[in-house]
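Small disclaimer: the values here were computed from a predicted structure and weren't measured.
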Amino acid sequence: MTRSRFEVIYEAGSRCTTILMLYGGTESEAKAELYRRGVPRNREIIILSIRPC
């Protein structure tokens with residue numbers, strides 16, 4: 001299984017946009033990757049949009 005690029009717009013205290021390499025582009029996968037990238041675990045992540053790029 002290969003990963004693809006997705007543009008993810010999310011809120012975690014403020015609105016942010018980033019590019020993530022994800023396998024399926026699911027909300028739970030995006031949240032897990034954002035936490036791995038340093039979003040504090042005590043902060044709720046709200047995914048606003050995920051789209052391939």
Checking side-chain contact (heavy atoms from CB on, under 4.5 Å) for the pair I50/E7: CA distance, chi angles, key distance, verdict?
-> CA-CA 6 Å; I50 300 175; E7 178 187 60; over 6 Å; no
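- Of the inter-residue distances, the one linking R5 atom CZ with C53 atom SG reads 4.5 Å to the nearest 0.5 angstrom.
- Once rounded to the nearest 0.5 Å, the distance linking CG of L48 with OH of Y10 reads 10.5 Å.
- Nearest heavy-atom pair across Y35 and E44 is OH-CA, 4.1 Å.
- With hydrophobic clusters built from ILVMFWY side chains whose heavy atoms lie under 4.5 angstrom apart, I46 does not share a cluster with V8.
- Considering CD1 of I45 and SG of C16, their distance stands at 9.5 Å, rounded to 0.5 Å.
- Rounding to the nearest 0.5 Å places CG of L20 at 12.0 Å from OG of S4.
- Here the straight-line distance linking atom OG1 of T18 with atom CG of L34 works out to 7.0 Å at 0.5 Å rounding.
- In this structure, the separation between CD on E29 and OH on Y23 is 8.0 Å, given to the nearest 0.5 Å.
- Atom CZ of R37 sits in a crowded spot, with more than 12 heavy atoms from other residues, nucleotides or ligands closer than 6.0 Å.
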